[in-house]
Structures are given as structure tokens and as C-alpha cells.
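Heads up: the structure comes next, in C-alpha cells.
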Number of protein chains: 2
Amino acid sequence: MSNQLPVLNSCCTPISEAALGPEQAAEGAAVFKALSDPIRLRLMSIIASAGDEVCVCDITPHFEVSGPTISHHLKVLREAGLVDCERRGTWVYYWPLPERLTWLSTLLSVPAAV
Amino acid sequence: MSNQLPVLNSCCTPISEAALGPEQAAEGAAVFKALSDPIRLRLMSIIASAGDEVCVCDITPHFEVSGPTISHHLKVLREAGLVDCERRGTWVYYWPLPERLTWLSTLLSVPAAV
DNA sequence: TTCGTGATTAGACAAGCATCTAGACAGCGC
DNA sequence: GCGCTGTCTAGATGCTTGTCTAATCACGAA
């Protein structure tokens, strides 16, 4: 169920230190786009803060949209490389992939003193 | 020219530590949306990495889209509270507002050891 | 095998967004 | 004042995206 995760080509240089090239910007923008929906950001925070894997059946009740809509948003997070999932029996479990979060956090970090 | 900057209501708790509420998620998603376009992310990186204010006339040549399109994207960054600008004579200058970047970076940060 | 439950996929539709052209505005120099 | 340059605003257009319902798939139990 782990599908093709985008490779992290650009790494670790904050935008406050060096401007991004077009390819790096496209890569970064794609991940930000995955977090640019309130539902997806909440999904990400629920999964990331769980400290463990989370069952979809425990996620869906937090939201007021239909199951397929949640499923769609989880797929977007998966394709952005932010989470991964596995089916176990009847249920599907999601967990965070912290590398991407760390990467974005570094990208946006601002040196304390310039 | 500095317009109403959104207030930073939610602050400083990484999503890896606590799940976001709907309002916080909406606020964060709005800022991520501003960075979810490759052109805007490059614009932000150009302005943030300049170490000083940047003239629009120095920005536009980096891109292959029309002037009004750049102007539109800069407005989105401005309304997200990521940059601010001022007209001086014929030219308009932009500079970064690091608070927002720091906030996002903290939001996405992952504790070294869980 | 058949049924029931949990989750995803498929397809449709409305709303939102990126981009363009044309026009307006601000400031400088003649 | 008049024209020129740099930037922004207005309005239109085509593409993208979020959401839904209906259908399908995966698995476990009877």
C-alpha cells in the first residue's frame, strides 16, 4: 500500500538563506498544497500527534464530511509523502512520515539572528 | 499599503505534539495555501533570502509570467501576512515578515526523539 | 459461498484559482 | 501640463479541486 513516494531532491537549505530554483519550488509547493486544506491539515495533525498509527475508523468521526471525502484527503497526504498506511484485517491504519515534516520545517526556518 | 494582517491566534505547538482544532487548522491551511503555488514559493524565497527589501522590478524578470500575475501572487503573500511592501517613488519594495515563517516552521517541527 | 462491515475508487458537479488582456493609477522628467 | 514608466486592479476564461452519491474492493464471520 506504500506507493511511490516523491524523492526529496532539494534538502535542508532554508528559504531565508537561499532562493529556490524552479524545480525545488515546484517540489516544495506540492507538499504545501497537500497541507493547504483545513481538513487535510487536521488529518495530518491527528496522525502526527497520535504517537502511533491511527485507524481510519477513529479519524472519520472527527469530521463532518463523508467517508469518501476523508479517504480522498488521506490519499493526497499519502501521495505527498506525508503519511503512509497499511490494511490490517478490516481496518486501515495510518502513520506519519516525519522526514517530510522536518524538511518543510527546515525550509521555513528563520535563523535567529541574521 | 500594509493591509490587515491576520492575527496569529494559534501559536507554537507543533502538530506532532497536539492535534489542531478546526479554527487553528483553517488559519494554518490559509498560510500554507499561500505557499502552495510554485511561483509564490519562489517569490517568498527570493524575498526572504534577500536579507533586505526587494524591488518588484528585480523580481519580475525571474519569471516567465506577466507582470499582473506576479502582482497577484505578491498580493496573496501579503494577505497571508508573509510579506509587506511600500511604494517609494516609481518603485515598490517588498520585505519578509519572519514571524509567519517561524510560526509555520514551529508548527511542522518534529521533536528529535519521540 | 454468502453476507456484512470498513475503506477506496469512479464519475459528476459546483466552487475556486491561475493566468491573461485591457485599463487605471502613481510618480518622475521634460 | 503632458507623456513615459512601473505597478496594480478589473473582468473574463479555462483548468483544478473539494465534495457528493453510487459502485467496487478487501476482509472476516456465519
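Throughout, a chain's letter reflects where its sequence line sits, starting with A, and its residues are numbered from 1. In what follows, every heavy atom counts, from backbone to side chain, and hydrogens, waters and symmetry copies are set aside.
- In terms of modelled atom types and a separation under 3.5 Å, the side chain of B:Ser45 and the main chain of B:Arg42 share a donor-acceptor contact.
- Base engagement by B:His72 is indicated by at least one non-hydrogen atom pair under 4.0 Å involving a base atom.
- Remark: B:Lys33 is not in phosphate contact with C:dG16, judged by side-chain N or O atoms under 4.0 Å from OP1 or OP2.
- Residue A:Thr90 has no polar side-chain atom (N or O) positioned under 4.0 Å from OP1 or OP2 of D:dC27.
- No continuous path of hydrophobic side-chain contacts links B:Met44 to B:Tyr93 [ILVMFWY only; heavy atoms under 4.5 Å].
- Distance CD (A:Glu79) to P (D:dT16): 15 Å, rounded to an integer number of Å.
- The residue among A:Ser36 and A:Gly89 whose nearest nucleotide of DNA chain D lies closer to the 5′ end is A:Ser36.
- At the heavy-atom level, B:Arg88 lies nowhere under 4.0 Å from the strands shown.
- Distances were taken from every side-chain heavy atom of B:Ser71 (C-beta onward) to each of D:dG6, C:dG6, D:dT9; the shortest belongs to D:dT9.
- For A:Ser105 (side chain) and B:Ser105 (main-chain N/O), a donor-acceptor pair under 3.5 Å exists by modelled atom type.
- At the phosphate of D:dG18, OP1 or OP2 sits under 4.0 Å from a side-chain N or O atom of A:Arg40.
- Of the possible donor and acceptor atoms, one in the side chain of A:Thr102 sits under 3.5 Å from a partner among the backbone N and O of A:Pro98.
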Checklist entry - Could you go step by step and tell me if A:Val76 and A:Leu82 meet the side-chain contact (heavy atoms from CB on, under 4.5 Å) rule? => result CA-CA 9 Å; A:Val76 173; A:Leu82 287 164; over 6 Å; no

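- Distance, B:Asp37 CG to D:dT17 P: 11 Å, rounded to whole Å.
- In the hydrophobic clustering of this structure, B:Leu74 groups with B:Val65; members are Ile, Leu, Val, Met, Phe, Trp, Tyr whose side-chain heavy atoms approach within less than 4.5 Å, directly or through other members.
- Interface residues of residues 53-70 of chain A facing DNA chain D, ordered by number: A:Val65, A:Ser66, A:Pro68, A:Thr69; criterion, heavy-atom separation under 4.0 Å.
- Regarding contacts with the backbone of C:dA7, every side-chain N or O of A:Tyr94 stays at 4.0 angstrom or more from both OP1 and OP2.
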